[in-house]
Amino acid sequence: MEVPTITSGMSADCRPCALLEHLSDVTIVADVNGVIEYATPSVEQKFGYTQAQVIGKRFEDLVHPDHVTRAREFFAKLLTQPGANPSTELKFQHKDGETLFIENIGSNLLQDEKVGGVVINTRDVTENHRDKERLLFDAFHDTLTGLPNRALFHEHLAAALTRSRRHRKLDFAVLFIDLDRFKFVNDSLGHAAGDALLVEAAKRLTSCLRQGDTAARMGGDEFTVLVSDVKEPFEAIEVAKRIQKVFCAPFHLPGHDLVVTASIGIAIADESYSKSADLLRDADTAMYESKQNGKATHTVFHISMHENATLLMQTEADLRRAVERDEFFLLFQPIVEIRTGMISGFEALVRWRHPEKGIIVPKDFISLAEETGLIVPMTRRILNGAAMAVKQWQNLCGDSRLHVSVNISSKHFDSGDLPELVADVLNHAQLDPSHLQLEITESAMMSSIERATETLEMLKHMGVKLSLDDFGTGYSSLSYLHRFPLDFLKIDRSFVNRLGSAERKAGVLHNILTLAKTMEISTIAEGVETEEQASELTQLGCDFAQGYFYAKPLPPDRVTTLLTEFAAGARYPVMWSSILTGRSNLNRWDAFVPRGDGPHLIS
Ligand code: C2E
Ligand code: CA
Ligand code: CA
């Protein structure tokens, strides 16, 4: 063949030759055996070999070992179909080992006497390829953590299920992992901290995996792990334990070090599973069980959990109906001013009168009401009922200072319409705003600090009193007391019931009471059950008290009687002992309809 050469002082005939010499793509001419007779100089820049080095090699020698067969097929087509211009994409290998993706278009010019060879024009499409790969990667991975995403995890899981069914050996498990305080981090420390937490969590998760295991991010703060080669359930449990252990170390987030635990659910594959989605669902159910059991723990799925889930669904349907038919009623527990023994107000506590199951207490339905959002219409009714009742009692006993306290769930901060709702209620009942106290737990405030602060400021501005409930059970950070516009601090029962016993918490309590005083926040002790507790609280300077020692939560007609007797001069004494003698068996009393002779009143 005629080998084009570069000539200086280019003639018209030589122009194509010169162009070839300057191409950035590589053109190769080979003989019938595929032996390279000519390559453009660009071959050096593209594949790392000089022209001299490639001449005499075979075309397939430049091709990546994976694609040699494909290269041969391409070449065979070129030889057998002279008129055609076959094309193919082949992986090439650069001299330094890098893989290149090259598109090849061939022309059989063996019969052309000027060429007398097979011409292959190549074009580097590596960049395209990388873009495609990146797109494909992105489609199946979580951008933040780089872990496989839900779609890819499902694929892995389905493949594991098919494979193990084929081998009649189900030997894998699925872990469902949910971070316990993610929402708190995101809301209070911001999204950047939330993201940093997720990235670090993903890293720690990956560090617990064994070969063949897959971790994925399902979205939000939910992760999953496919644990392979599980011969005994305890092996999957071991992985869960390992994960919990690596989560024990504080997470170093921008500006904060924070301990974040994880709740884990485990589903072990067995013959009953035919769909990957079912395994995932069961791991999720078990994870939920871990959350219910106090978080930071792991639970292996058991079929009975389905029954619980069904029961929960039934309860949810019942609850919806209960809201429609208004099956709730209120009890009122007196709050006593310790110094004077006077009733300063009442805490409204809701009960559900279930048509079949009888009376249900809040712990068995409030969290469900919160999850389903039903708490919002419920609170409207509770607020209304409580405001109307206290207004009536103010009129009855001529004491316009009586107040009522209502418990508010964190859900109301999400909807943002609490101030409006409260304004409606006050207006409807013609109640002075200062006679309504809203009780909000620390965790509810913390669950969305920004919104909570905003809502609380608005309520405060309206003149409504705000009370921090269950103080001492949550984060209990005294520094938060400054952040919220509080009027009252309700000290949790767990502090109070240590009083008067050998193991004293009075030191802590004393500090809390002192601090509250300096901040002009009044204190209410909850769950006061004994005389000793009452007297110790008096000495410690607590302002108000509430508990079985004074009265259990009472139905409205009992409150009316009580108030009538107080109006006639009755008082809760600071010291009870003589009256209480022989009546300290609290369990004897009905929880919501106290007997007439209960020690809630002296006349
Ligand atoms: P909480 O706000 O801490 O209410 C005090 C709980 O302690 C009440 O339980 C009350 O009956 C009980 N209690 C009062 N004195 C004593 C005592 O001396 N000893 C003991 N052991 N317990 C005492 P209850 O009525 O079962 O309410 C439980 C929780 O349910 C409440 O805790 C509150 O968080 C929630 N809750 C009650 N009513 C409502 C409501 O209307 N709305 C919302 N969102 N939550 C409510
Ligand atoms: Ca409360
Ligand atoms: Ca409380």
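Numbering of ligands and ligand atoms starts at 1, following listing order.
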Under the 3.5 angstrom rule, does the side chain of [X] hit a backbone N or O of [Y] as a donor-acceptor pair?
X	Y	result
His403	Ser344	yes
Asp417	Glu420	no
Arg351	Ile359	no
Ser467	Gln437	no

According to side-chain hydrogen bond (donor to acceptor under 3.5 Å, both in side chains), does anything in residues 384-397 pair up with another residue at least two apart or in another chain? List the pairs. Asn384-His428, Trp393-Thr560, Gln394-His435
Under the ring pair (Phe, Tyr, Trp, His ring centres under 6.0 Å) criterion, do Phe251 and His256 qualify, and how do the steps go? CA-CA 8 Å; Phe251 284 78; His256 295 268; over 10 Å; no
Do you see a protein non-hydrogen atom under 4.0 Å from [atom]?
atom	answer
atom 25 (O) of ligand 1	yes
atom 9 (O) of ligand 1	no
atom 46 (C) of ligand 1	yes

Check Lys411 with Glu371, please: is the shortest side-chain N to carboxylate O separation under 4.0 Å? no
Polar atom proximity, Arg493 to ligand 1 (N or O, under 3.5 Å): yes
Please confirm whether Val350 comes within less than 3.5 Å of ligand 1 when only nitrogen or oxygen atoms on both sides are compared. yes
Partners passing ring pair (Phe, Tyr, Trp, His ring centres under 6.0 Å) against Phe413 (at least two apart in sequence or in another chain): none
For atom 13 (N) of ligand 1, grab the closest protein heavy atom and report residue, atom and distance to one decimal in Å. Tyr548 CE2, 3.8 Å
Shortest protein heavy-atom distance from atom 41 (O) of ligand 1, along with the residue and atom involved: Ile382 CD1, 3.3 Å
Would you list the protein N, O or S atoms within less than 3.0 Å of the Ca ion (ligand 3), leaving out water? Asp469 OD1, Asp470 OD1, Glu526 OE1, Glu526 OE2
Applying a strict 4.0 Å limit to heavy atoms, is Glu347 in contact with ligand 1? yes
Answer side chain, backbone, both or neither: which part of Gln333 comes under 4.0 Å from ligand 1, heavy atoms only. side chain
Residue pairs involving residues 305-319 (criterion salt bridge (Lys or Arg N to Asp or Glu O under 4.0 Å); sequence neighbours excluded): Glu316-Arg320, Asp318-Arg321, Asp318-Lys357
Restricting Glu347 to its N/O/S atoms, the closest one to the Ca ion (ligand 2) is OE2
Output for pair (Ile375 CD1, Ile366 CD1), nearest 0.5 Å, gives 4.0 Å
